[in-house]
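Comments concern the structure below.
Since we're looking at a predicted model, the values are computed, not measured. Naming convention: chains lettered A, B, ... in sequence-line order (proteins, then strands); numbering from 1 in each chain.
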Amino acid sequence: MSEMVHVKTTINGAAVDFLCEPRQSLLEVLRDVLYLTGTKEGCNDGNCGSCTVTLDGVLVNACCVLGVEVAGKAVTTIEGMAKNGNLHPLQVAFLEETGLQCGICTPGFLVSSRALLERHPAPSEAQIRHWLAGNLCRCTGYDRIILAVQKASKRMLAGT
Amino acid sequence: MHQFKYATPGSIEALLSMLAEQRSPVKLLAGGTDLIVQMRTGAVTPALVIDVKQVVELNQLLLSDKGLIIGAAVSCRTVYENNHVARAYPALIDAASLIGGIQIQGRASIGGNLCNASPSADLIPALIVLEALAVIQNSRGSRELPVEDFCTGPGTNALAGDELLVSLKLPPGAKNSGACFRRFTPRNEMDIAVANAAAAVVLSADGKHFTSARIAIGAVGPTPILVQEAAEALQGKPVSGASVGIAADIARQAASPINDMRGTIAQRKQLVQVLVTRALQGAIERAGGAL
Amino acid sequence: MKAGGKREDVLRVIGTTPIRPDGLDKVTGRAIFADDIHLPGMLHGKVLRSPHAHARIKSIDTRQAAALPGVHAVISAADFPEPAKPTSKSADISDLATNCMATTTALYDGHAVAAVAAENIHIAGQALGLIEVDYEVLDAVLDVRSAMADDAPVIHENLKPGFFFASTKKAHPNAGRLEYSDGDISKGFSCASVIVERTFTTQTVHQGYIEAHISTALWDADDRLSVWTSCQGHFDIRDQLAGILNIPMSHINVIPLEVGGAFGGKDSVYLDPLAALLSKKCGRPVKMAMSRNEVLRATGPSSGSSMRVRMGVDDSGKLVAADISFAFEAGAFPGGPVSAGILTATTRYNIPNYRLEGFDVILNKPKIRPYRAPGATQSHFAVETVLDELAEKLGMDPIELRIRNAMKTGDRLVLGYPCPVIGGVELLEAVRSHPHYRAPLDGQNQGRGVAYGFWYGGGGASSAELSVNADGTVQVCTGSCDMSGTRMTLAMQTAEALGIQVSEVQVTTGDTQSIGFTLPAWGSRTTFATGIACITVAEKVIAKMIERAAGIWETDNSNVRFDAGVFTNTNDKLQALTFKQLAAKLDSTGGLLSDQASVSPQGVGFQLAAYLVDVEVDTQTGKVSILRSTIFQDAGKAVHPDYVAGQMQGGVVQGLGWALNEAYIYRADGTLANTSFLDYRMPTALDQPMTETVILETPNPGHPYGVRGVGEVSIVNPPAAVANAIYNAVGIRMDSLPMSPTAVLEKLWEHQAAQL
Amino acid sequence: MAIVWIPSTVRELTNGKAMLEADGNTVAEVIRNIDLACPGIRSALIDDNSLRAGIIIAVDGSIGSRQLLQPVRPDSEIHFIPAIFGG
């Protein structure tokens, strides 16, 4: 079997180390090595955003990152979004506004939306559409996802 | 995916000596948005992948009165989120903010977009009209090459096996100058250009005449094309729709597109004319002129 | 009053918008989809696919692949057993098996020819490279017209008739034909004052579900098979597997999981039999997942088509005749949706004289599968643009023309069948009175278009089991896969019938060994048909609880009344028990209760929708932008209005993708060129504005609460409406899909040339 | 007698007639009686005593789940409809 690399990283705030081959993507490592299966595979070539995670705070497609690249970096995934069992306002809004149907793209949309609201707490509809253009959804037509992001933004600004 | 070794040199010297010593195929990894996908489909099968992101020189983003230096590994998003760069080089931002979705922009590097040498690469026409120089180094020395001479064909570039694209050097914008990049895609984003175009202009002090211009077009030939004749046709001419139209016509003539799944020859020729016109309009506006 | 028989006027739960039970898991990443299955000792399988669109397989040598360290099993068609004699009426088992693994001939680019199971996907991928296949490349046929040419290469030596009604009849070595007709079309056309005849083409399109096909199989030593798979109907998958693998249905357990989108495309096996046979060979569980490239090349898209429509209208705006001929791609095996295509072509209108002809055409493309109102989007594109032209030539408002001809309740449909209760005219009136219909268009090259659409939908077999807990809560297990929130719509109907809160009902989907047979989640049938199963079992449980209450009160059953969740002794109004109170007494009065219902309701309520769209055409680039979008749909009683709106909006955006950019693009050699989401261009969030939804509720008498299916009809109108809007904007009639910038630009050039 | 609507796809067996009348207490009986007058109708609709794939039967506008066993009254109308379920 091929050479394994020992990688030390931080995932959702916790120190993690794992062994992987250089050819394994971050997506494969998250799902098949660490069993963090909330990050979904939709296309495996950077065109759907279902595997969106953040790497040192920057949105990336986990399918287009090698597992070995995250050494010494900080990764956040959908699993890190709810804190101590409390849902993030975006998660609540996606539920309330029916911002999901089948749910396969939902983790990617949530991770992208959170990054958006961290950068632009009160985004315009155009800004939301621009930030979410890298995430494909085939069920909803996007309307209710955008409504959910707007709702979460309002609540977060109001501090409720 | 095939098996390969992975290395992360910490200095440019270490990186260059790896390149000098390696006998089997090597690929450099910056953003990986092209490379990792190409390795997954088996299109490329390097024995060694060298991650260049630890090398300081490749990560610099330096704006000064001498112009802009962009390390080859700097991501599109790093460039367009830098307000100073965005103000000084809006045409670069036009292109950098259109590549893929936001997840791709966070990883895809300026150098990678250039080295990948896709005929439809969005950054290359913008870099060409901004007179960017590619700073190239190997273990024996360095050289500079205008970006318009960097791509040699679809997917091929002017780098020798032991050479590294270190950075891109952009001169400072002249007085009364402006540049703009436009592309055409069926979807509004997440798409590959059917055709694209960039234009840079320097206007006379009164904004009425073109002092000089540069026009580049993409996805209409094996490499992005600097259309010298179109630029020359503008020199000294009044800033007018007619002048712009003449330049756009010349650019259309210079395009040598193919039919493929993303567009037809006739459509691409038409798009070159439209996009050059629109890029020139944008450039003139940014230069403080008006049509 | 029937037990539990609350009706539309007194509904408490139906019509509200509670949060779905699976939602929490889906927003936290905990929901288990097919790719999230990890079994001990699990291997990973991959498929070797034909690089040719049509090729004879002369030999396959798998020895080197089998010898690669880390490889545990290799299979090809030789490892498939003789299929069982079909026991169900569903698809032809031998075609299904051959579609999963090519036997003597690869019939399309991507057709499976061998598969391996290995320690990981990388080794499996390497092993595929070691399999040697000797192909003799044959001529490929890629469009319906050339497939039906006299000298076309014959794809199947003995073409079997298609699966649809009364069978298609063989009309060509590569095509079956069917026809429905009535009246006298030549007489009809002779009464017409305006006749329009047009031909249309559309390209192959994919459902585009974001989750690929993924299946994990474990074949145990006792020949029991377990399969974890992403599908619309696990009973159908089980029955197909039983046929292909020739083992008893009861030996197979198909475990449904969360489904990451399907839209019709996940109703048949692809990987499941391969994973099963690989597992059988090596004795370990095998997971197989398609790449996006494989999904696009080798799973079942919707038909490309070639359509001719001739329609005539008299001075009063009455449609007098329609002569329609559609040729639809079937893919590599017979059975495309041409029957649905021709039957939905004109069914929403009363036309006395018609001839509806359809060809089911075999060619070298993947086997066509259903896609949301299969066949209807193509047929509506053709017919609704012809109607727009008829209205224009008559000088009549396009909605007025449709209202004058609209099918009404009781009118005779194609085939003479009386139309069930519909609200078509009301729907069209709603369009006409909506502010969008009269809003000014204020830019150059802007236009507005409308289309009106129809879809049947399905009923049929569904099962539900209901258990009452001692605390008064209830759990329901059904056989329906949940693709879009149906566990909630089923819980709502159950709660309505039992008179309890929806939060007190938990609905789950049982595997094939835990619940009775249920048809797949197709044809918008789950909320309707499985809903009736839930209501039926709830009524059975209420009847038993009435007996218990009567026992407690020492009175006759007939003296116990159940209403809104309360059991009352009609002889003594002081004696009353809520559902919860009585549930607490069940254990001591004969035991806790559960019951089961298997139903097969057929009182399907037709689906009707209209779509109104404003576009702007960039005449320099051919690009069409969507400016405003409104959909009107008769949803019957909307169980969960937010979900109904979600179905409407989702269908519209799929329809807009089909209208503007989505298409399979084949190279001259028959291989698929656009095999990723980069070039198979589905709409992103940036490609259209919000879609306003207008829901009409004409109750369906075939359901206790008036429910209709709502999932499909929303897709059928956007291509026609956009085409009509483009005409309104710039004066060109688009007659092909997609209306991509390339196509629009060429049409604009033609138009300009014609005006010179 | 019940009225049976003959789909155009099998009208070649009824000499082009779109409607036929026949006796019978169930759909199966009615079809058997029609087959006496127009041989071939039964096998076009029925295979091995059950309805062929993709057909559903409506009696007086209502589609029952009992298919061939649906009861028929003397004044009933019977339709054979393609089962179009969808995606």
Side-chain angles (χ1 to χ4, degrees), chain A residues 1-2 21 23-24 28 31-32 35-48 50 77-79 81-82 87-88 90-92 94-107 110 125-126 128-147, chain C residues 17 19-20 22-33 35-36 38 69-70 119-122 207-212 258-263 289 291-293 483-485 640 642-643 645-654 656 676-678 682-691:
Chain A
M1 217 61 27
S2 63
E21 293 182 58
R23 62 180 169 180
Q24 288 182 288
E28 202 182 327
R31 294 184 48 81
D32 295 346
Y35 299 113
L36 288 167
T37 57
T39 303
K40 300 300 179 191
E41 176 180 324
C43 69
N44 215 20
D45 55 15
N47 287 305
C48 79
S50 295
T77 70
I78 185 65
E79 285 91 349
M81 201 153 171
L87 295 183
H88 188 279
L90 276 161
Q91 292 172 308
V92 175
F94 268 60
L95 288 174
E96 290 175 354
E97 292 298 315
T98 324
L100 66 145
Q101 285 181 29
C102 82
I104 195 80
C105 69
T106 310
L110 284 164
E125 184 185 330
I128 298 172
R129 289 187 183 277
H130 174 73
W131 272 67
L132 297 182
N135 291 82
L136 289 180
C137 170
R138 191 61 157 172
C139 294
T140 64
Y142 304 102
D143 294 23
R144 274 154 203 281
I145 291 172
I146 289 154
L147 293 176
Chain C
T17 57
I19 290 172
R20 55 200 290 166
D22 52 313
L24 185 66
D25 282 348
K26 285 178 176 171
V27 299
T28 54
R30 281 200 287 265
I32 301 297
F33 291 84
D35 203 20
D36 303 331
H38 288 92
E119 294 289 338
N120 64 47
I121 46 164
H122 304 286
Q207 298 85 352
Y209 32 81
I210 305 294
E211 179 200 35
E258 298 297 343
V259 188
F263 316 112
S291 66
R292 183 54 50 183
N293 172 300
M483 304 195 298
S484 53
H640 190 304
D642 282 355
Y643 291 1
Q647 290 297 317
M648 292 161 70
Q649 292 162 329
V652 162
V653 173
Q654 288 183 348
L656 290 174
S676 80
F677 278 150
L678 184 60
M682 308 199 307
T684 76
L686 268 173
D687 292 319
Q688 60 288 309
M690 297 275 184
T691 291

**Item:** Proximity breakdown for A:T140 and chain C, heavy-atom pairs closer than 4.5 Å
**Value:** backbone

**Asked** To the nearest 0.5 Å, how far apart are CD1 in C:I210 and CD1 in A:I104?
**Response** 9.0 Å

**Fill in**
chain A shares the most heavy-atom pairs under 4.5 Å, among C:A212, C:G208, C:G485, with C:G208

**Message:** Less than 4.5 Å apart, side chain to side chain, heavy atoms only: is that true for A:E41 and A:S50?
**Reply:** no

**Item:** Atom group of A:E125 that falls short of 4.5 Å from chain C, counting heavy atoms
**Value:** side chain

**Prompt:** With respect to chain C, which residue among A:Q24, A:E79, A:Q91, A:R138 yields the maximal number of heavy-atom pairs within a distance under 4.5 Å?
**Reply:** A:R138

**Asked** Which bit of A:D45 comes within less than 4.5 Å of chain C, counting heavy atoms only: side chain, backbone, both or neither?
**Response** side chain

**Item:** chain C contacts, top residue of A:T37, A:L136, A:T39, A:D143 (heavy-atom pairs, under 4.5 Å)
**Value:** A:D143

**Request:** Go through the structure and list residues passing side chain to side chain donor-acceptor pair (under 3.5 Å) with C:K26, not counting sequence neighbours.
**Result:** C:D22, C:E258

**Prompt:** Do C:R30 and C:D36 touch side chain to side chain, with heavy atoms closer than 4.5 Å?
**Reply:** no

**Fill in**
Under 4.5 Å to a heavy atom of chain A? For C:M483 that would be backbone

**Asked** Got C:Y209 and A:C139 here, is their nearest side-chain heavy-atom distance under 4.5 Å?
**Response** no

**Request:** Check the pair A:R144, C:D642 against side-chain contact (heavy atoms from CB on, under 4.5 Å), reporting the backbone distance first and the verdict last.
**Result:** CA-CA 9 Å; A:R144 274 154 203 281; C:D642 282 355; 3.8 Å; yes

**Asked** Less than 4.5 Å apart, any side-chain heavy atom of A:L132 and any of A:Y142?
**Response** no

**Fill in**
Greatest number of non-hydrogen atom pairs under 4.5 angstrom with chain A, of C:G650, C:G651, C:S291, falls to C:G650

**Region of C:V653 that comes under 4.5 Å of a non-hydrogen atom in chain A** = side chain

**C:I121, part contacting chain A, at a heavy-atom distance under 4.5 Å** = side chain

**Message:** Using a 4.5 angstrom heavy-atom cutoff, name the option from C:Q649, C:R292, C:M648 with the most pairs to chain A.
**Reply:** C:Q649

**Request:** Select one option (side chain, backbone, both, neither) describing which atoms of C:V652 are under 4.5 Å from chain A's heavy atoms.
**Result:** neither

**Item:** Part of C:A31 lying under 4.5 Å from any heavy atom of chain A
**Value:** backbone

**Message:** Under a 4.0 Å threshold between the charged nitrogen and the carboxylate oxygen, would A:R129 count as salt-bridged to C:D687?
**Reply:** no

**Residue selection (most heavy-atom pairs with chain C, distance under 4.5 Å) from A:A133, A:C105, A:P107, A:C137** = A:A133

**Request:** Check the pair C:Y643, C:R20 against side-chain contact (heavy atoms from CB on, under 4.5 Å), reporting the backbone distance first and the verdict last.
**Result:** CA-CA 10 Å; C:Y643 291 1; C:R20 55 200 290 166; 2.9 Å; yes

**Prompt:** Between C:Q654 and C:Q207, does any side-chain donor sit less than 3.5 Å from a side-chain acceptor?
**Reply:** no

**Message:** Checking A:E96 now: which residues fulfil side chain to side chain donor-acceptor pair (under 3.5 Å) with it, not counting sequence neighbours?
**Reply:** A:K151, A:R155

**Request:** Could you look at A:L87 and say if it's the side chain, the backbone, both or neither that has a heavy atom under 4.5 Å from chain C?
**Result:** side chain

**Prompt:** Who among C:H640, C:H122, C:H38, C:M682 has the most heavy-atom pairs with chain A under 4.5 Å?
**Reply:** C:H122

**Asked** Is the shortest side-chain N to carboxylate O distance from A:R31 to C:D35 below 4.0 Å?
**Response** yes

**Asked** In terms of heavy-atom proximity below 4.5 Å to chain C, should A:N135 be classed as side chain, backbone, both, or neither?
**Response** neither

**Asked** Which region of A:L95, side chain (C-beta onward) or backbone (N, CA, C, O), has a non-hydrogen atom less than 4.5 Å from a non-hydrogen atom of chain C, or is it both or neither?
**Response** both

**Message:** Report which part of C:S484 has an atom under 4.5 Å of a heavy atom belonging to chain A: side chain, backbone, both, or neither.
**Reply:** both

